[in-house]
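Worksheet for the structure shown next.
Lettering of chains follows the sequences in order, A, B, ..., and the numbering in each one begins at 1.
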Amino acid sequence: MCGVLRASDAGKKAVLMGWVNRRRDHGHLLFIDLRDRTGVTQVVFNTDRDAAVHEKAESLRNEYVIAVTGTVKLRDANTINPNMPSGEVELVAEELRILNESKLPPFLPGDTALTHEETRLKHRYIDLRRDVMQFNIETRHKVAKAIRDYLSAQGFFEIETPFMTRSTPEGARDYLVPSRVQPGTFYALPQSPQMFKQILMISGFDKYFQIVRCFRDEDLRADRQPEFTQIDLEMSYPQPDSVWGVVEGFLRAAFAAAGYEINPPFPRMDYDEAIRLYGIDKPDLRLPPFTDVRECLAAENVQELAINPNLPVIAIRIPKVGDLSRKERDDIKPMFHSKGGARVFEDFKRIANRYAATAEAVAKKLDAGEGDLIVLVAGAAQASCGENGAAFASHRKVTPQELAIYTSAGLLRLALAQKYAERHQCFQKGDFRFLWVTNFPMFEWDEAEQQWMAAHHPFTSPHEQDMKLLAEGVEALHDPLSPLSAVRALAYDVVLNGTELGSGSIRIHRRDVQSRIFRALGMNEEEAKARFGFFLEALDYGTPPHGGIALGLDRMVMILAGAESLREVIPFPKTARAVDLMVDAPTPVSEKQLKELGIAVKKPAGL
RNA sequence: GGGGACGUAGUUCAGUUGGUUAGAACGCUGCCCUGUCACGGCAGAGGCCGCGGGUUCGAGUCCCGUCGUCCCCGCCA
C-alpha cells in the first residue's frame, strides 16, 4: 500500500509493491517514487547501507514492477515533502525484488502533459494507471455501491434482465446479435430493460432496481456512448412523489460517497415553465433565468427594431461578464441560431445609446448588476406567424412561435454561459443544482412525418385529467391542432446543472389505456400486437399501478469527477466512430462464422 | 448524413512568404553526482512531417483526395 504510510508508521518494517513512478539518481543515493492505486511513497537506496541492493536499484526504470522491503523512516525536517500525503516518511530499502520489467511506455502515468486521447485509448492500461483515472474509477465504484446499499436497505431487489432479447424497433437503433440455432433471426441488445422491469412489477417484485448496461446504436457525443450504464428502478403503487423520494435518497447517498453533501428535496418545475424561463427542458439553475421585458419596450421601439409585439422579448442575463469589446459583442451574433422567426439583439450598448429610457427599464427589471451581459431575443415583426398559432395557443401554454424564441434564446444562454464561464464564476466544482422537471407533453408533433409521436415512450401514463383530451384526440393523429397537443404525461426528468441525469414516468397499467395510446400513435391493434404482444398480454393479468425511472450512472460520475467526457469515467470506452481502439473492435469475422449464422455480408466497394 | 478543429521525434509542441542539414522541452541511452521529490550536470541516439496524388526548379508549408482523433448539428421513443 504505497500511499498509506504516515509519520505514525515510523520505525515499522514494511513491504511495498508497485510501479516505479519516477527515479531520481544521485549516484550513491537513489530515490524511487513507488506507486500503486493508493498513492506514492519515496523509497531510498543508499550505498552506505547496502551497496548490493543499491546496485540492483540502479537498473530500475519507469513502470518496472518491484517489491521493496525496508524500514519506514521519519524524514529529516528539511527533507519533508509537504506536497505528498506520505511526504513525512520514506522507506529505507533493505531488499529489492524486481517482479517485472517494462518496455518504455508511449507515455508515463506521471507525465504532467496529457497525451493525445488516441494514444491513451490504445494503451488504456497505462492511461488507467494515472491518478486521475484511478480516482474516477474509484468514484464510480463508490457511487454504485452507495446506490446498491441504499436501495437494498429500502427493500429493493436487484434483479437481472436479459441482454439477448427481442428487437422492438422504435426510437434508437438496436444492436443485433445473430442466432446460430435459428439462422436468419436476431436477438437485440436492450436499449433499456423497460418492458422487463414493468413485467417484474406484474410478477410481484414490487421494488426492483438494477445497475445495468444499455445499448443504443446511435452516433456518439462527449456525453453519449453506445453502451452505457443506467440505474434503473421500478416500483408498484407509486405516486411520482414516491419515486422522487427514492431517487433523492440514493442521490444523497451517492454524492455523500463521493464526498459531497446535497440537500433534497429538489425543486420542481413544470415543463412549460422550464421552457418559458430557460428555453430548454433541462435548465441549468446556476445562472439566472430569462426575463420577459416586452413591457419595457415602448411602441416606437417595437416598431423601429422590427420586433413582433405579440411575442415575448427575452432578456438573457449573464452575470459579471464585464465590459465586452466591440469584437466580442460582434462575436455573439454568430453564436445565435434562430429556430424560426427569432431575432437577436446582441449589442445592448447600442440599444442603450438609442433608447436610454428603455434600456434603463430593462436593466431595472432584470435587476442587472455592474458588468452583467444582457442580450435580447425577440420575434421578428415580419415572421410568418404559423396559421396554426392561435389554435395551438388554446391547447398549450407555449405556442410554437413563442417556443422558437424561447429555445433560440435558451441555446444562446448556454453558449454564452460556457464562453464566459471564467468570468461569471457560476460553474464552481461542487455546486450541484438539482431540479425535477415534470408534466411533460405526452406527444410531440413530428414535422417530417406530419403526425404526433410519443415524447417519452409509449408506456408512459397520461394525466388522469387529460384522459378526455386523449379520447378526443385519438383519431386526430395527423392533425397538428389535435387535442393530443395538450395531453400531459405523468413523466419527470431529474436534471443536474443542465444535464438530464434521468428520466421516468408513471406507466400505463390498464390495457384499454395502453391500446388507446398505441392508436393515438398510429399503431393499430395488429401492429401493436406484432411488436409488443407479449407485453400487452401480460397487462391483461392483473397489472398493478407502477412507475419508475432510469438515471445515467456514467453522467453522474462524470459530473462528480468534474470530467468533460464520459470516456474519462468509463474504463474502456469507444471513440466517436464507436471503435474500441485497444482491442480494435469491431472487426470482420471469418467466412466460417458467417456461414454458421447464415449471414452473407455485402462487401463495401473497394474491399 | 452535414459543419468545424486537429494530425511534425516515444510524448507535448514550434516550424516565418514555398527555399540549404526540420527544432525545443520532457522522455530515452551512457557517464558524473549522498537528500532529491517535475533533482541537477555533460554527452548521445531518436523523424515516411498520417497516407496517396498534384502544382512547382524546389512542398512539413499550397491544392485535391483519403485515413484517423476530437467537438457540434441531425440522430438518441
Just to confirm, is there a sub-4.0 Å distance from OP1 or OP2 of [N] to any side-chain nitrogen or oxygen of [X]?
X        : N      : answer
A/Arg23  : B/rC28 : no
A/Arg221 : B/rC75 : no
A/Arg24  : B/rU36 : no
A/Arg22  : B/rC39 : yes
A/Thr575 : B/rU69 : yes
A/Asn83  : B/rC37 : no

Parallel, tilted or perpendicular: ring planes of A/Phe459 versus A/Phe535, cut at 30 and 60 degrees: perpendicular
Aromatic plane relationship, A/His123 with A/Tyr125 - under 30° parallel, 30 to 60° tilted, over 60° perpendicular: perpendicular
Ring-ring centroid check A/Phe440 A/Tyr492, cutoff 6.0 Å: no
So [X], base contact, sugar-phosphate only, or nothing? Heavy-atom distance under 4.0 Å.
X        : answer
A/Gln42  : base
A/Arg61  : sugar-phosphate
A/Asp219 : base
A/Leu411 : nothing
A/Gln418 : nothing

A/Met582 vs A/Leu121 side-chain heavy atoms within contact, under 4.5 Å: no
